[in-house]
2 protein chains.
Amino acid sequence: MPDPDLRQELRQIETDPAVDRLVEELIGRVADKWTMLLIEILTENACCRFGELSRACPGISQKMLTQTLRAMERDGLVSRKVYPVVPPKVEYRLTDLGAGLSKAFCGVWIWAEAHYTDIQDARAAYAARQEG
Amino acid sequence: MPDPDLRQELRQIETDPAVDRLVEELIGRVADKWTMLLIEILTENACCRFGELSRACPGISQKMLTQTLRAMERDGLVSRKVYPVVPPKVEYRLTDLGAGLSKAFCGVWIWAEAHYTDIQDARAAYAARQEG
DNA sequence: GTCCATACTCTCTTTTGGGTAAGTATAAAT
DNA sequence: ATTTATACTTACCCAAAAGAGAGTATGGAC
């Protein structure tokens, strides 16, 4: 069970349904695969150019990378510094807000590292149950 | 910046690319809006029937609710207890694994509660920048 | 006999996500 | 003169996700 103090705090704020909806929208926005991965990469590597992010994030297309970075910039999670040179150079880094989110997510990463085998086991057990 | 100790620990485990992929898949799987919301609801309300979850999770369709619950069951995050009565009765609750994930997510919820106004501000600022 | 409750399940349609490929700008290297 | 490098943007397309709504099973209340 989660930390009782934090839960308590959470419950107190969560009285207003309008706030609820905002937070849920936020969760929906931020609980996205690419966003999470980019936050992780930018946490490990404070300052990245577009190409570096692209290489560090295998499987992402240029389109999705641009799109996700733009959304993150709009939400104030990353800053974007453009150097007016040729060829173009753009640097991305987490803002304080983004770094805070990264820290919040840290627990989830740790959990995932620690329990992915449990999930594999659960899946195997579920499959066995279905067949039997 | 995230807790250095935890980061350190994370980096040590994350050497094997196969493990990396598994964890990323897991994050992709679990970092889903409805999953997060259902975990939250089941944390606050230990035992829920289908209809209760449906009501507690505004906007979710029956189809998505069933689908998400099934996926969570398959991954060992929730348990499903069927009472063979008419009309049907099914109880859902978090497993220990699910409760652990809930705890890990707790930080993200707190963050969201604390910073959704910052994000709103960031969006407004971004919009203003675009127009000017 | 009809209706209700519950937890689905199925089908159909719309929406979204995301891939591919091409285009843009321009200075420097060849 | 052509190629290269970089960080996009745009247009087009497909497949997967998700919503809407009807159908199902069945025992008990009326």
Side-chain angles (χ1 to χ4, degrees), chain A residues 21 24-39 41-42 45 47-75 77-94 126 129-130, chain B residues 21 24-38 41-42 45 47-75 77-94 126 129-131:
Chain A
R21 271 186 294 106
E24 284 181 12
E25 190 235 302
L26 188 55
I27 292 286
R29 159 67 190 78
V30 134
D32 151 69
K33 187 187 164 190
W34 297 130
T35 302
M36 290 189 74
L37 251 24
L38 286 177
I39 285 177
I41 292 166
L42 283 169
N45 220 329
C47 177
C48 288
R49 299 183 57 181
F50 188 88
E52 296 180 84
L53 290 172
S54 182
R55 266 167 266 127
C57 202
I60 199 171
S61 65
Q62 284 195 334
K63 179 182 156 185
M64 279 312 296
L65 182 52
T66 308
Q67 214 171 90
T68 308
L69 284 171
R70 282 287 186 286
M72 293 174 75
E73 190 196 356
R74 187 173 68 100
D75 291 345
L77 300 175
V78 299
S79 67
R80 186 160 168 276
K81 182 164 185 185
V82 182
Y83 295 85
V85 297
V86 162
K89 178 176 177 180
V90 182
E91 282 179 356
Y92 294 92
R93 49 184 87 218
L94 289 181
Y126 183 87
R129 244 179 290 148
Q130 294 308 92
Chain B
R21 271 187 293 106
E24 284 182 12
E25 190 235 302
L26 187 55
I27 291 285
R29 159 68 192 77
V30 134
D32 151 71
K33 186 187 166 189
W34 296 131
T35 302
M36 290 189 74
L37 253 22
L38 287 177
I41 291 166
L42 283 169
N45 221 328
C47 178
C48 288
R49 299 183 57 182
F50 188 88
E52 297 179 84
L53 290 173
S54 182
R55 265 168 267 125
C57 202
I60 198 170
S61 64
Q62 284 195 335
K63 179 181 155 187
M64 278 313 295
L65 181 51
T66 308
Q67 214 170 90
T68 308
L69 284 171
R70 280 286 187 290
M72 291 173 77
E73 190 196 357
R74 188 172 67 98
D75 290 346
L77 300 175
V78 300
S79 67
R80 185 160 168 276
K81 183 163 187 186
V82 182
Y83 295 86
V85 296
V86 162
K89 177 176 177 181
V90 182
E91 283 178 354
Y92 294 93
R93 50 183 86 221
L94 287 182
Y126 183 86
R129 244 179 289 148
Q130 294 308 93
E131 284 170 19

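Proteins get letters first, then strands, A, B, ... in listed order; numbering begins at 1 in each.
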Under the side chain to side chain contact (heavy atoms under 4.5 Å, CB included) rule, what do A/Leu65 and A/Leu38 come out as? Steps first, then yes or no, please.
CA-CA 9 Å; A/Leu65 182 52; A/Leu38 286 177; 3.8 Å; yes
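- Sequence neighbours left out, the pairs with a member in residues 62-75 of chain A that pass salt bridge (charged side-chain N to carboxylate O under 4.0 Å, His left out) are A/Arg29-A/Asp75, A/Glu73-B/Arg129, A/Asp75-B/Arg123.
- Contact detail for B/Glu52 and B/Cys47: the closest heavy-atom pair is OE2-O, 4.2 Å.
- A distance-only check finds no donor-acceptor pair linking the side chain of A/Ser54 to the backbone of A/Phe50 [under 3.5 Å].
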What's the verdict on side chain to side chain contact (heavy atoms under 4.5 Å, CB included) for A/Leu53 and A/Leu42, showing C-alpha distance, side-chain angles and the deciding distance?
CA-CA 8 Å; A/Leu53 290 172; A/Leu42 283 169; 4.0 Å; yes
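- When every heavy atom of A/Ile41 is checked against every heavy atom of A/Cys57, the shortest pair comes out as CD1-CB, 3.8 Å.
- Atom OH of residue B/Tyr92 and atom CG of residue B/Leu69 lie 5.0 Å apart, to the nearest 0.5 angstrom.
- The CG-P distance, from A/Leu53 to D/dT6, rounds to 14 Å in whole Å.
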Output, in order, the C-alpha distance, side-chain angles, deciding distance and verdict of side chain to side chain contact (heavy atoms under 4.5 Å, CB included) for B/Val82 and B/Arg80.
CA-CA 6 Å; B/Val82 182; B/Arg80 185 160 168 276; 3.9 Å; yes
Protein-nucleic acid N or O pairs under 3.5 Å, nucleotides 5-8 of chain C:
from, atom 1, to, atom 2, distance (Å)
C/dT6, O3', B/Arg49, NH2, 3.0
C/dT6, O3', B/Pro88, O, 2.9
C/dA7, OP1, B/Arg49, NE, 2.8
C/dA7, OP1, B/Arg49, NH2, 2.9
C/dA7, OP2, B/Gly51, N, 3.1
C/dC8, OP1, B/Arg80, NH2, 2.7
C/dC8, OP2, B/Tyr92, OH, 2.5
C/dC8, N4, B/Gln62, OE1, 2.5

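- Between the CD atom of A/Glu91 and the P atom of D/dA7 there is a distance of 10 Å, given to the nearest Å.
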All N/O pairs under 3.5 Å across the protein-nucleotides 14-18 of chain C interface:
from, atom 1, to, atom 2, distance (Å)
C/dG18, N7, A/Lys63, NZ, 3.0

